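Everything below concerns the one structure shown next.
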Amino acid sequence: YSINRLEEFISGIFSVLNYMEDETQLLKEEKIIFILCKDEDEIEKLTGYKARGMFNLAYDYIISTFNCHYHELVHLLMNYKLKDLPLYTHPFLQEGFAVAFGGRGGKEPEVIRNLGYFIAKSKFLDYKKLLSSDEFRNFDVSMSYPLSGLYNLFLIEDIGIDEYINLSLSYSASEMKSIKIKSEDFPVEEEWIEFLFDFGNDKNIKIDIPENHYINSIVDSSFRISEDDSDYLFEIKDDILISTMEKEDDYISKKFIELYPYMTYNGEKYLIRVEKNEVALYNLLTNNLIANYVSGFSISMKTVPEENGYYKFLIRKNIFDESSKEWSIKIVGNK
């Protein structure tokens, strides 16, 4: 399943980077080596570095503890596009591109970009402070990476991938030195503000529920799932597991064991965790967080609505691989 997801992801990046047919064909022939490790200790034995995942530049290997590590794969695919590689690229552009399209290990792009949106709108950090490579490295990556990712997504949408690549190359160097991006090389500030406005209205998990007509999809004494054309409306008291027809009997989800060490994993595909301040959706086959809402990282600071002991929220339907007709639901414990 994870291999298929990685293949689909690669096809999407081919499109983003405007790969030519001969570039695509060569990559198909040569293959990408993805080494999946049990833990950080195994990665250290292979590379000398203790990490959850990395792109080994010397061999063009992805070495990771994550089934679907998109971020490092994006680094490889960008390098392959460039062919003649600069030794040092400004981290705002290099890491920003990888975050924009690949998220970070264990968290898919939409999750990290949402955090970038919160950082930008709340003014915790201005992207202009990241335009010096020296200053960029002074900020914690939990702040600098999400904001860079969101801005790089905006930048590519605004100027196009070819001009973006030229911009990246112009702020690269053959030796380690301070690099500062000129703000006049970026779009005008009003366009960034307009992008943020549009981005804020486009989320995979929403807690503001419009007065639409929702049709019951799955109803139980402990939960109810309804739907309209675009969203599922969940009304649940506790965490839920969703099984589908796609099941591997000999697979055990690392994320499931991490979250519920006292329980037995039975091949479930999705996990929805909910509490007053958060809704989180995991894909247990990739072990990735694929969508979430956190009140503390939202501009409104609203908590998850609760009615008669049931939490209510919307999840966009297209984030799931299948329709609710293929789901089997299991409640996880009591809070």
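Note that the structure is a prediction, hence the values are computed from the model and not measured.
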Are [X] and [Y] close enough that some pair of their side-chain heavy atoms sits under 4.5 Å apart?
X	Y	result
K302	Y293	yes
Y59	I33	no
F55	D60	yes
L76	Y61	no
L27	L77	yes
R273	L259	yes
L285	N67	no
E235	Y214	no

- Message: What verdict does the side-chain contact (heavy atoms from CB on, under 4.5 Å) test give for F313 and I209, after you've listed the backbone C-alpha separation in whole Å, the side-chain angles of each residue and the deciding distance to 0.1 Å?
- Response: CA-CA 7 Å; F313 53 91; I209 302 169; 5.5 Å; no

Are more than 12 heavy atoms, taken from residues, nucleotides or ligands other than [X], located less than 6.0 Å from that residue's [atom1] atom?
X	atom1	value
E184	CD	yes
D229	CG	no
E326	CD	yes
F223	CZ	yes
K129	NZ	no
I299	CD1	yes

Electrostatic pair [X]-[Y], nearest N-O below 4.0 angstrom:
X	Y	value
D321	R5	yes
K45	E42	no
K81	E23	yes

Closest heavy-atom pair and its distance - [X], [Y]:
X	Y	value
S144	V141	OG-CA, 3.4 Å
V99	P146	CG1-CA, 4.4 Å
A280	N292	CA-CB, 4.0 Å
M263	K330	CE-NZ, 4.4 Å

When rounded to the nearest 0.5 angstrom, what distance separates [atom1] in [X] from [atom2] in [Y]?
X	Y	atom1	atom2	value
K269	S328	NZ	OG	14.0 Å
L147	I119	CG	CD1	6.0 Å
S300	K121	OG	NZ	12.0 Å
Y251	S2	OH	OG	6.0 Å
E163	L155	CD	CG	8.5 Å

- Pair listing, side chain to side chain donor-acceptor pair (under 3.5 Å) test, anchored in residues 149-159, at least two apart: N152-Y164

Quick one: does any side-chain atom of [X] pair with a main-chain N or O of [Y] as donor and acceptor, under 3.5 Å?
X	Y	value
Y265	E268	yes
R113	A100	yes
S15	S11	no
K317	D228	yes
H71	G103	yes

- Message: Test of understanding: with ring pair (Phe, Tyr, Trp, His ring centres under 6.0 Å), list the residues that count as partners of F136, not counting sequence neighbours.
- Response: none

- Task: Flag the pair Y19 / Y80 as yes when their ring centroid distance falls below 6.0 Å, and as no otherwise.
- Result: yes

- Task: Report yes if the distance between the aromatic ring centroids of F118 and F124 is under 6.0 Å, otherwise no.
- Result: yes

Is it the case that the side chains of [Y] and [X] hold a donor-acceptor pair, with the cut-off being a distance below 3.5 Å and no angle test?
X	Y	answer
H75	Q94	no
Y70	N288	no
S132	D134	no
E322	Y270	yes
E95	S148	no

Identify whether [X] and [Y] are in the same connected component of the hydrophobic contact network (ILVMFWY, side-chain heavy atoms under 4.5 Å).
X	Y	answer
I218	I272	yes
I181	I161	yes
L6	I35	no
Y232	I207	yes
I236	I205	yes

- side-chain contact (heavy atoms from CB on, under 4.5 Å) between I290 and E110, intermediate numbers included: CA-CA 7 Å; I290 58 177; E110 194 255 0; over 6 Å; no

- Message: Before you tell me yes or no, could you show the steps for F234 and S217 under side-chain contact (heavy atoms from CB on, under 4.5 Å), namely the whole-Å CA-CA distance, both residues' side-chain angles and the distance that decides it to 0.1 Å?
- Response: CA-CA 10 Å; F234 287 84; S217 179; over 6 Å; no

- Task: Determine, step by step, whether W327 and F320 satisfy the ring-ring contact (aromatic ring centres under 6.0 Å, His included) criterion, reporting the C-alpha distance in whole Å, the side-chain angles of both residues, the deciding distance to 0.1 Å, and the verdict.
- Result: CA-CA 11 Å; W327 292 353; F320 299 98; 4.8 Å; yes

- Please say which of F97, Y127, F195 ends up in a ring pair (Phe, Tyr, Trp, His ring centres under 6.0 Å) with F154. F195

- What class does the angle between the rings of Y260 and F256 fall in, given that below 30° is parallel, 30 to 60° is tilted and above 60° is perpendicular? tilted

- Just say parallel, tilted or perpendicular for the rings of Y171 and H90, cut-offs at 30° and 60°. perpendicular

- Apply the side-chain hydrogen bond (donor to acceptor under 3.5 Å, both in side chains) test between S253 and each candidate in T286, N287, N266; give the one that qualifies. N287

- Task: Check each of E72, R52, H69 against S64 using the side-chain hydrogen bond (donor to acceptor under 3.5 Å, both in side chains) test, and report the only one that passes.
- Result: H69

- Residues K50, D41; criterion side-chain contact (heavy atoms from CB on, under 4.5 Å); working and verdict: CA-CA 6 Å; K50 184 167 283 194; D41 292 335; 3.0 Å; yes

- Query: Is R104 positioned over the aromatic face of Y145, cation under 6.0 angstrom from the ring centre and no more than 45 degrees off axis?
  - Reply: yes

